[in-house]
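Naming convention: chains lettered A, B, ... in sequence-line order (proteins, then strands); numbering from 1 in each chain.
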Amino acid sequence: MKEYLKEQITEALHALGLEADGIDIQFEKPKVADHGDLSTNIAMMMARDAKKNPRVVAGEILGKLDLDPARISAAEIAGPGFINFRYASEHLTEALEDILLRGDAYGRSDANAGKTVNVEWVSANPTGPLHAGHGRQVCIGATICSLLEWTGWTVTREYYFNNAGNQMNNLATSIRERYLALLGEEISDENILYAGEYIADIARAIHQEHADTKRSAPLEYFRKQGEERCFAMIRATLDRLSVIHDVFYNEDTLYSDGKIDEVLTALRAKGVVYDKDEAVWLKTTEFGADKDRVIIKSTGEPTYRLPDIAYHREKIVRGFDRIIDIFGADHIATIPDVLAAVRTMDLRTEHIDVIIHQMVSFVNEGEAVKMSKRSGNVYYLEDLIDDVGIDAVRFFFIMRGANSHLEFDIKLAQEQSENNPVYYLQYAHARIASILRFAEQEGMADLAQAQLALLAHESEIALIKELLRFPEWVEISARTCETQHLCTYLHSCATAFHKFYHDCRVVTEDRALSAARIALCKATMQVLRNGFTIIGIDAPEKM
RNA sequence: GCUCCCGUAGCUCAGGUGGAUAGAGCAUCUGCCUCCUAAGCAGAGGGUCGCAGGUUCGAGUCCUGCCGGGAGCGCCA
């Protein structure tokens, strides 16, 4: 519809002798229903060049417009110079038919067909289970991936993890210590570098499977055990949330494939690396940083920065049309260095988008939930799922903008689950399912003779208009990678349905009207379900 | 001290490309089920959009400077 109006207005501008080529004609949905269905400010944009009053320009444009009455029933000038358009009822019934026809595919677009994107997110290191704060990134990333797919992208879902370096040794040492304690040996608290209960669990599992035969096993054994078992925990949690990854890319690979050395050589060749104090430094000051950074420690071990650079180089070389990194705000500092280093190796980075999400704080009964890894006092993502449920987790974490700090009130989510916004949406779906069951029981499930033109009630019209905006909001959410837009849309969609339900009885004596309303219910159900699919929440038939 | 994010109703937060009268949920108050799910609907109260300038026909939205909160500034990741 917007495309149609754009064409018409462009023609009108040409007819008026106004320069229209460089102008992007924009539309928006007026906030006030009285102002119609679509609004454009084009007359105000043109007024300055034309040196005329915007309302006069609007009048001239309107005079040249010849609109199809089957699409637009009215066009009028309003306010300081807006031109408001009203949809014709034929357009609405056609849109409704389209929803029912396209079904599970309604809202999908092939706008980005043939383009590939790599999305990297979660990427927690296998030193323990995911904690509750990880949930935000888990859910944001998963939703962004499905939004991208819905708009045509071919998505590779990727998880990068660091399984080399000192932290893995700390993990191994901690597990070995707990294991030796089970064998009755005296242990030192200094060797318990990770204090979580899961360390003891891993030690117990090893003990159960191997008794005391690992008493003098090398640290490497415990490192491998730790990595595998921690990863099993992480993946179990992701599974529970139906979050999947196609590629698990680990730091070890970069060493075994020689990529680390390649990158170091390349950086040296570019002269952005130097040796000092037995360490190797990257001249990050040349990239605008306040000081240079170590990339290889005096021990000979690289810091995280070097493999990060090598990893990004690999991602670029693998040839995606687009690369998206999703990080928490606590990892923001390394990004400019990594991208700059990659650029010095003559690789482009313009197709890399970095999405930063702010931290989450958890509140319980008005008290901040303290989390300390050292003491092992951690609120895990598993615990959060147990406490508030999968759907609430998936929805709560994406309903706010990533740039905003998120406060997650556990007590509220536990105690007032009935007021939970996700239930509001699911209730609308369950309510429709219930109506459809009732309709079938009354022998009125036949849609064949539905005359959609019978839908003329204010609430019916409002609901249809809401439904036909779904594809647009999917597109906006995907393009901006801002998941909260979809949540806001679905909420207003559910509100429109609840109001319709309140105002209009679906199953009545009037079979023709009932059939039309059943069709409207089915279309609403379809839109909700498609939205739920993107978000990853359940669409219940009963509640 | 420097970099990034945020500041909108009592609380938690929406406000896509600058547009018409700034919204939702929770909380408070008032109505609505002999009828397809009241986990719902309708309505009321509640705001100097942190402060001060600037850009322009028009700023919650863009720019600058302050104030306040968060994150980072490691031979941790």
Side-chain angles (χ1 to χ4, degrees), chain A residues 24 26-28 30-32 34-35 39 41 44 47-48 53-54 78-82 84 123-125 127 161-162 165-167 170 277-281 288-291 293-299 301-305 307-308 328-336 356-359 361 363 366 399-409 412 416-421 423-424 426-428 430-439 441-442 444 459 472-473 475-477 479-480 482 484-485 487-488 491-492 494-495 497-503 505-508 514 517 521 542-543:
Chain A
D24 183 26
Q26 298 177 346
F27 297 93
E28 61 167 25
K31 287 173 190 157
V32 184
D34 252 10
H35 293 158
S39 178
N41 62 353
M44 290 143 85
R48 200 188 320 171
N53 183 309
F82 292 102
N84 295 337
S123 296
N125 293 332
T127 56
F161 61 99
N162 189 307
N166 211 33
Q167 53 170 0
N170 291 346
D277 300 337
E278 293 176 24
V280 180
W281 296 70
D290 55 346
K291 48 186 147 178
R293 309 285 173 188
V294 169
I295 52 173
I296 297 181
K297 302 184 234 177
S298 51
T299 59
E301 261 183 332
T303 66
Y304 64 90
R305 213 173 292 263
D308 269 9
D330 52 342
H331 282 227
I332 193 169
T334 80
I335 295 159
I356 301 291
H357 65 86
Q358 300 302 314
M359 299 286 97
S361 54
V363 177
M399 67 188 290
R400 305 300 183 206
N403 268 335
S404 295
H405 296 268
L406 178 65
E407 185 168 294
F408 204 120
D409 192 326
L412 195 77
Q416 305 193 340
S417 59
E418 292 171 1
N419 293 326
N420 195 316
Y423 288 140
Y424 180 81
Q426 291 180 318
Y427 181 62
R431 210 176 204 186
I432 295 170
S434 173
I435 294 168
L436 295 180
R437 281 192 297 271
F438 182 79
Q441 187 186 316
E442 300 291 306
M444 277 197 232
S459 303
E472 184 184 355
W473 280 106
E475 188 278 325
I476 291 169
S477 307
R479 173 165 45 79
T480 59
E482 296 195 12
Q484 77 278 12
H485 293 310
C487 299
T488 306
H491 187 272
S492 61
T495 299
F497 171 74
H498 285 311
K499 183 163 169 53
F500 154 75
Y501 172 85
H502 184 263
D503 293 345
R505 198 181 157 80
V506 176
V507 180
T508 65
S514 296
R517 287 181 172 166
C521 283
K542 282 182 185 173
M543 283 175 79

Practice prompt. Give the B/S/- string for nucleotides 70-77 of chain B, one per nucleotide from 5' to 3', where a protein heavy atom under 4.0 Å of the base yields B, of only the sugar-phosphate yields S, and otherwise -.
Written response: SSSSSBSB
Worksheet item: With sequence neighbours left out, what residues match A/A430 under side-chain contact (heavy atoms from CB on, under 4.5 Å)?
Response: A/M543
Given [options], identify the nucleotide with an atom nearest to the side chain of [X].
X	options	value
A/H485	B/A14, B/G15, B/C36	B/G15
A/E407	B/A20, B/A39, B/C13	B/C13
A/K542	B/A42, B/G19, B/U37	B/U37
A/N403	B/G40, B/A14, B/C6	B/C6

By the 4.0 Å heavy-atom rule, please label [X] as base, sugar-phosphate, or nothing.
X	answer
A/I295	nothing
A/F27	base
A/G328	nothing
A/E472	base
A/N170	nothing
A/N41	base

Worksheet item: Taking syn as any angle within 90 degrees of 0 and anti as the rest, which one fits B/C26?
Response: anti
Discussion item. Determine whether a donor-acceptor pair (N or O, by modelled atom type, separation under 3.5 Å) exists between the side chain of A/T303 and the backbone of A/V294.
Written reply: yes
In chain order, what residues pass the ring-ring contact (aromatic ring centres under 6.0 Å, His included) check against [X], with sequence neighbours excluded?
X	value
A/H498	A/Y424, A/Y427
A/F27	none
A/F497	A/F500

Worksheet, complete the sentence: Contacts of A/F408 and A/Y501 projected onto RNA chain B by closest heavy atom; the upstream (5') one is A/F408
Worksheet item: When you check the phosphate oxygens OP1 and OP2 of B/C41, does a side-chain N or O of A/Y424 lie under 4.0 Å from one of them?
Response: yes
Worksheet item: Does the ring of A/F82 lie flat against the base of B/A20, closer than 5.5 Å centre to centre with planes under 30°?
Response: yes
Nearest-angstrom distance from the residue atom [atom1] of [X] to [atom2] of [N]:
X	N	atom1	atom2	answer
A/E28	B/U17	CD	C1'	10 Å
A/H502	B/G43	NE2	C1'	12 Å
A/K499	B/G43	NZ	C1'	11 Å
A/H498	B/C36	NE2	P	16 Å
A/R505	B/C41	CZ	C1'	16 Å

Reported [atom1]-to-[atom2] distance for the pair [X] and [Y], which is rounded to 0.5 angstrom:
X	Y	atom1	atom2	answer
A/E475	A/T480	CD	OG1	8.5 Å
A/R505	A/R517	CZ	CZ	10.5 Å
A/D308	A/N162	CG	CG	8.0 Å

Worksheet item: Given pairs defined as Watson-Crick or G-U wobble with both distances under 3.5 Å, what dot-bracket annotation applies to RNA chain B, with ( ) intrastrand, [ ] crossing, | other strand and . unpaired?
Response: (((((((..((((.....[...)))).(((((.......))))).....(((((..]....))))))))))))....
Worksheet entry | Test side chain to side chain contact (heavy atoms under 4.5 Å, CB included) applied to A/N403 and A/Q358, step by step | CA-CA 6 Å; A/N403 268 335; A/Q358 300 302 314; 4.1 Å; yes
Discussion item. Surrounding CD of A/E301 (heavy atoms of other residues, nucleotides or ligands, distance under 6.0 Å), is the total greater than 12?
Written reply: yes
